[in-house]
Amino acid sequence: MTPANPSGTHALSPPPKPDGCELCQRGTPLTKHHLIPRTLHNKPRYQKRYSREERLTAIVWLCHPCHKHIHRLYSERELADRFASLEALMNDTDIRAFVDWLATKPAGFKPKSPVRKRR
């Protein structure tokens, strides 16, 4: 077992939880978003591309609306290939438009999910 450093963290700890969402800055309950989705951690393609430490610690803290929006827009593979950093998420025009809109809403605001057509 690896001893923890004095701050109580170790090399594989997620980054500390900020006061607000790392995209929209709203101070609502936050969730961990793995920049390299956990379902892909054991795939050889991502094991070659990212170290174990990178796969486990590449995390950003997001509010539920931002987190849901990202996963609604992109597949897990697209997220790992194109959006493996906070900067990449922020530079995407679709994500940026949503984040800019959401940032103007009060902390408890929950956007409505798009209505899915029944088959």
Side-chain angles (χ1 to χ4, degrees):
M1 182 170 173
T2 307
N5 67 22
S7 67
T9 63
H10 55 80
L12 300 179
S13 292
K17 191 182 225 181
D19 292 332
C21 174
E22 294 188 63
L23 288 177
C24 71
Q25 308 305 313
R26 294 178 338 136
T28 60
L30 301 177
T31 61
K32 285 188 235 174
H33 171 69
H34 291 81
L35 293 167
I36 298 113
R38 290 185 301 169
T39 57
L40 302 176
H41 282 195
N42 292 327
K43 304 287 184 198
R45 174 181 181 167
Y46 299 101
Q47 288 180 339
K48 288 177 189 172
R49 191 178 294 175
Y50 303 104
S51 70
R52 180 173 183 260
E53 184 174 341
E54 287 173 310
R55 292 190 314 269
L56 293 173
T57 61
I59 292 171
V60 292
W61 291 91
L62 303 177
C63 66
H64 288 281
C66 285
H67 203 166
K68 286 175 83 173
H69 187 70
I70 287 169
H71 284 283
R72 193 176 299 125
L73 289 176
Y74 299 108
S75 70
E76 305 244 311
R77 196 170 278 263
E78 285 176 300
L79 290 171
D81 291 343
R82 297 179 41 211
F83 301 103
S85 71
L86 180 60
E87 294 75 30
L89 290 171
M90 294 291 278
N91 290 332
D92 181 71
T93 54
D94 292 329
I95 294 171
R96 171 51 64 193
F98 178 82
V99 166
D100 289 346
W101 171 79
L102 187 62
T104 65
K105 306 299 181 219
F109 177 80
K110 293 181 183 176
K112 292 182 181 176
S113 295
V115 177
R116 293 188 179 171
K117 294 180 181 179
R118 292 185 182 182
R119 293 181 184 186

- Show the numbers, then the answer: is there a side-chain contact (heavy atoms from CB on, under 4.5 Å) between L23 and I70? CA-CA 11 Å; L23 288 177; I70 287 169; 3.6 Å; yes

- Any chance you could lay out the side-chain contact (heavy atoms from CB on, under 4.5 Å) test for L102 and C21, step after step, and finish with the verdict? CA-CA 11 Å; L102 187 62; C21 174; over 6 Å; no

- Please lay out, stage by stage, how D94 and R72 fare under the test salt bridge (Lys or Arg N to Asp or Glu O under 4.0 Å). CA-CA 11 Å; D94 292 329; R72 193 176 299 125; over 6 Å; no

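Between H67 and H71, the ring-plane angle classifies as tilted under the 30° and 60° cut-offs.
Note that CG of L62 and NZ of K68 are 13.5 Å apart. Values are rounded to the nearest 0.5 Å. Here the CD1-OH distance, from I36 to Y46, works out to 9.5 Å after rounding to the nearest 0.5 Å. Note: H34 NE2 to R55 CZ = 12.0 Å, rounded to the nearest 0.5 Å. Taken from OH in Y74 to CG in D92, the straight-line distance is 3.0 Å, to the nearest 0.5 Å. To the nearest 0.5 Å, atom CG of residue L89 and atom SG of residue C66 are 10.0 Å apart. Rounding to the nearest 0.5 Å gives a distance of 10.5 Å between CD of E54 and NE2 of H41.
Put simply, the side chain of P65 reaches to within 4.5 Å of the side chain of F98, judged on heavy atoms. At least one side-chain heavy atom of Q47 sits under 4.5 Å from a side-chain heavy atom of N42.
In R45, the CZ atom is crowded: over 12 heavy atoms of neighbouring residues, nucleotides or ligands sit closer than 6.0 Å. Annotation: R38, atom CZ; neighbour count of heavy atoms from other residues, nucleotides and ligands within 6.0 Å does not exceed 12. Under a cut-off of 6.0 angstrom, the local environment of NZ in K43 is sparse, with at most 12 non-hydrogen atoms contributed by other residues, nucleotides or ligands.
Note: the hydrophobic cluster containing W101 does not contain I95 (ILVMFWY, side chain heavy atoms under 4.5 Å, direct or indirect links).
Of the possible polar contacts, one joining the R26 side chain to the P106 backbone as a donor-acceptor pair under 3.5 Å is found. With Y50 contributing its side chain and A80 its backbone, the two residues share a donor-acceptor pair below 3.5 Å.
Across all non-hydrogen atoms, the minimal contact from L40 to E76 is CD1-O, 3.6 Å. Summarising the geometry of T104 relative to D100, their closest heavy-atom pair is CG2-O, 3.6 Å, with the distance given to 0.1 Å. Of all non-hydrogen atoms in I59 and L35, the two that sit nearest each other are N-CD1, 4.3 Å.
In this structure, W61 belongs to a hydrophobic cluster whose other members, linked by side-chain heavy atoms under 4.5 Å apart, are L30.
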